[in-house]
Amino acid sequence: MELDTIVALATPAGVGAIGVIRVSGGKTIELVNGIFKGKDLASAKSHTIHLGTIRDEDVIVDEVLISLFKGPNSYTKEDVIEISCHGSPYIIQQLIKLILSKGARLAHPGEFTQRAFANGRFDLAQAEAVADLIASENESMHRAAMNQMRGGLSQEIKNLREELVHFASMIELELDFSEEDVEFASREDLKKLIYSLKGLITRLTESFTLGNAIKNGIPTVIAGKPNAGKSTLLNALLNEEKAIVSDIPGTTRDVIEDVINVEGIAFRFTDTAGIRTTEDKVEAIGVERTYAKMKEASVIIYLIDMIHDTLDDIQQQIAYLRDLDIPYLLIGNKLDQAKAEIQQQLAADGALFISASQKQNLEDLKAKLKELVSLDDFKTGNTIVTNMRHYESLQQTNDALDRVLNGIDQQITNDFLAMDIRHALHHLGEITGEITTDDLLDNIFSKFCIGK
Ligand SMILES: Nc1nc2c(c(=O)[nH]1)N(C=O)[C@@H](CNc1ccc(C(=O)N[C@@H](CCC(=O)O)C(=O)O)cc1)CN2
Ligand SMILES: Nc1nc2c(ncn2[C@@H]2O[C@H](COP(=O)(O)OP(=O)(O)OP(=O)(O)O)[C@@H](O)[C@H]2O)c(=O)[nH]1
């Protein structure tokens with residue numbers, strides 16, 4: 001059964017220099033040919049561009065460029081036409097209406113990419129990376145998504161599957177000869193294989209901590225006693241970011257609250273309001289809450305007030321900080337009016353000195369912050385799992401492999417062994433989409449933007 005021909009605006013809504021309307025499906029060429037005055041698109045070659053006008057009866061709606069992609073040589077692998085029109089919302093609306101009236105329907109979010117997936121342009125993990133790529137806001141997000149879209153994760157999963165399939169087939173072959181009690185696959189070799197696969201899977205699941213941090217920002221807390229300057233520092237860091245963004249002419253962007261980009265890595269300041277306790281009725285409560293927040297963080301920026309804190313106090317704070325065993329930056333704030341003895345003590349403790357209110361040494365602070373988070377996997381270009389769904393499937397694969405190992409030790413029968421191996425294969429297949437359900441696909445692609 002032929003799928004509908006679908007249409008959507010591929011560029012952002014609103015006024016732009018150019019708007020691109022995408023059409024995909026079996027009726028695309030015939031449909032657009034009917035409203036386009038210019039070269040005959042049916043006889044034109046794929047990957048050519050044509051200038052002409054789009055007409056609704058006798059009215060010229062716009063002068064456009066048509067980009068022609070003939071299936072299977074297109075993004076969706078169907079016939080695709082992109083109409084580049086003048087970027088007026090009115091023109092765009094008229095063009096889409098016209099195309100709908102000729103028999104296309106509006107595309108659902110992600111439907112072009114869903115078709116690309118269904119037609120084998122890429123697997124599910126790669127399709128999901130397309131959405132991540134569009135959403136990427138900094139170097140690390142971009143790099144992780146690009147790597148995944150280009151098949152980094154998919155290749156690793158494919159290798160894992162191939163090894164398992166090989167063994168599954170051995171075991172299943174033995175099943176066919178069950179009368180004869182042969183062993184095509186040495187149980188020791190099988191165990192070795194499972195261990196090595198589990199090692200690979202563990203590396204992938206462990207990378208999710210980093211992947212999650214890349215995607216959602218590294219949970220960071222600015223801590224310190226009341227009045228240490230936490231809010232002042234957070235605002236200074238955030239405002240700088242906002243200033244950079246609004247300096248670019250023509251961009252209006254809502255800066256995501258409480259996230260700063262430091263050289264391509266996002267740091268998310270979690271619930272910083274929670275630690276902004278002023279001179280509380282009961283200071284102890286405020287301090288406890290601060291400590292609770294600190295324990296949830298991946299990184300702590302700890303501020304010492306170099307005007308008001310006492311030496312004893314500082315020793316206590318640092319001792320507590322060390323005990324937490326979470327990467328931290330020790331910062332002496334209020335450098336502009338610091339007490340000499342305090343600064344000396346902190347220097348011995350390896351602190352960095354800033355003035356939050358004077359915005360002094362903030363660049364040093366950022367550089368140190370970046371150093372603090374280990375991004376080794378990132379540097380080496382190793383595959384990083386950034387997607388919760390993939391993470392869960394990997395864990396389920398791992399569980400199934402544990403059952404295989406257990407089964408071998410318990411000398412369970414081959415049919416049960418084969419079943420557990422097939423479970424492991426099943427969960428790997430979920431990642432790349434060999435195994436999937438309509439619900440899952442709808443769920444994934446509905447989160448894409450329209451036109452993608
Ligand atoms: N205008 C436009 N820009 C875009 C896209 C698009 O669909 N249209 N893309 C997507 O959203 C991305 C590019 N992805 C694409 C991938 C494959 C093909 C394609 O036509 N592939 C054919 C021919 C390859 C060739 O000529 O070498 C093929 O694979 O057979 C097009 C876009 C980003 N930029
Ligand atoms: N001299 C000096 N004062 C600073 C500096 N940074 C912050 N302050 C002042 O210290 C006071 C407390 O700053 P806040 O940013 O409100 O401190 P906080 O840690 O968020 O305070 P709580 O919300 O009570 O936890 C304010 O009066 C700031 O102006 C600095 O670098 N030098």
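Just so you know, ligand 1 is whichever comes first in the structure, and atom 1 is the first atom listed for that ligand.
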Item to check | Taking atom 14 (N) of ligand 1 as the reference point, the nearest protein heavy atom with its distance | outcome: Y75 CD1, 4.0 Å
Item to check | K230 contact mode with ligand 2 (heavy-atom cut-off under 4.0 Å) | outcome: both
Item to check | Side-chain donor-acceptor contact under 3.5 Å, Q317 with D309 | outcome: yes
Checklist entry - Is atom 23 (C) of ligand 1 close to the protein, meaning a heavy atom under 4.0 Å from it? => result yes
Next on the checklist: For D336, which part has a heavy atom under 4.0 Å from ligand 2: side chain, backbone, both, or neither?
Outcome noted: side chain
Next on the checklist: Within the 4.0 Å heavy-atom shell around K452, which atoms of ligand 1 are there?
Outcome noted: 10 (C), 11 (O)
Checklist entry - Under 3.5 Å, is there a donor-acceptor pair linking the side chains of D312 and Q316? => result no
Checklist outcome for this item: Here the atoms of ligand 1 under 4.0 Å from any heavy atom belonging to S74 are 19 (C), 20 (O), 22 (C)
Checklist outcome for this item: Here the atoms of ligand 2 under 4.0 Å from any heavy atom belonging to S355 are 30 (C), 31 (O), 32 (N)
Checklist entry - Quick one: which of L234, L335, T232 has a heavy atom closest to atom 14 (P) of ligand 2? => result T232
Checklist entry - Does K77 approach ligand 1 within less than 4.0 angstrom via side chain, backbone, both or neither, non-hydrogen atoms only? => result neither
Next on the checklist: Do the side chains of R203 and E156 get close enough for a salt bridge, i.e. N-O under 4.0 angstrom?
Outcome noted: yes
Item to check | N159 and E163: side chain donor to acceptor below 3.5 Å | outcome: no
Next on the checklist: Check this for me - ligand 2, A228, N or O atoms closer than 3.5 angstrom, yes or no?
Outcome noted: yes
Checklist entry - In the protein, what heavy atom is nearest to atom 25 (C) of ligand 1, and what distance, to one decimal place, separates them? => result H47 NE2, 4.3 Å
Checklist entry - Does N333 approach ligand 2 within less than 4.0 angstrom via side chain, backbone, both or neither, non-hydrogen atoms only? => result side chain
Next on the checklist: Just checking Y90: does its OH atom have more than 12 heavy atoms from other residues, nucleotides or ligands closer to it than 6.0 angstrom?
Outcome noted: no
Checklist entry - Do any non-hydrogen protein atoms sit less than 4.0 Å from atom 4 (C) of ligand 1? => result no
Checklist entry - Is the Y75 ring parallel, tilted or perpendicular to the F122 ring (thresholds 30°, 60°)? => result perpendicular
Next on the checklist: Any heavy atom of G224 closer to ligand 2 than 4.0 angstrom?
Outcome noted: no
Checklist entry - Judging by distance only, is a nitrogen or oxygen of L233 under 3.5 angstrom from one on ligand 2? => result no
Checklist entry - Side chains of S393 and E430: is there a donor and an acceptor less than 3.5 Å apart? => result yes
Item to check | Closest approach of any protein heavy atom to atom 7 (O) of ligand 1, naming residue and atom | outcome: R22 NH2, 2.6 Å
Checklist entry - Do the numbers put K452 on top of the ring of F445, so that NZ or CZ is under 6.0 Å from the six-membered ring centre and no more than 45° off the axis? => result no
Checklist entry - Would a search of protein heavy atoms around atom 33 (C) of ligand 1 find one under 4.0 Å away? => result no
Item to check | Nitrogen or oxygen atoms of S357 and ligand 2 under 3.5 Å apart | outcome: yes
Checklist entry - Within the distance-only criterion (no hydrogens, no angle test), does the side chain of S140 pair as donor or acceptor with the backbone N or O of G264 below 3.5 angstrom? => result yes
Checklist entry - Which atoms of ligand 1 sit under 4.0 Å from any heavy atom of E82? => result 1 (N), 2 (C), 6 (C), 7 (O), 8 (N)
Checklist entry - Can you tell me if S74 uses its side chain to pair, donor with acceptor, with the backbone of F69 under 3.5 Å? => result no
Item to check | Backbone N/O of E78 and side chain of R115: donor-acceptor pair under 3.5 Å | outcome: no
Checklist entry - What atoms of ligand 2 come closer than 4.0 angstrom to any heavy atom of Q337? => result 1 (N)
Next on the checklist: I'd like to know if atom 30 (O) of ligand 1 has any protein heavy atom within a distance of less than 4.0 Å.
Outcome noted: yes
Item to check | Per-atom contact, atom 12 (C) of ligand 1, protein heavy atoms, under 4.0 angstrom | outcome: no
Next on the checklist: Give me the residue, atom name and distance of the protein heavy atom closest to atom 28 (C) of ligand 1.
Outcome noted: R121 NH2, 3.4 Å
Checklist entry - Is there a donor-acceptor pair closer than 3.5 Å between any side-chain N or O of S169 and the backbone N or O of H166? => result yes
Item to check | Exercise: do N73 and S46 side chains pair donor with acceptor under 3.5 Å | outcome: no
Item to check | Y328/Y302 aromatic ring centres below 6.0 Å | outcome: no
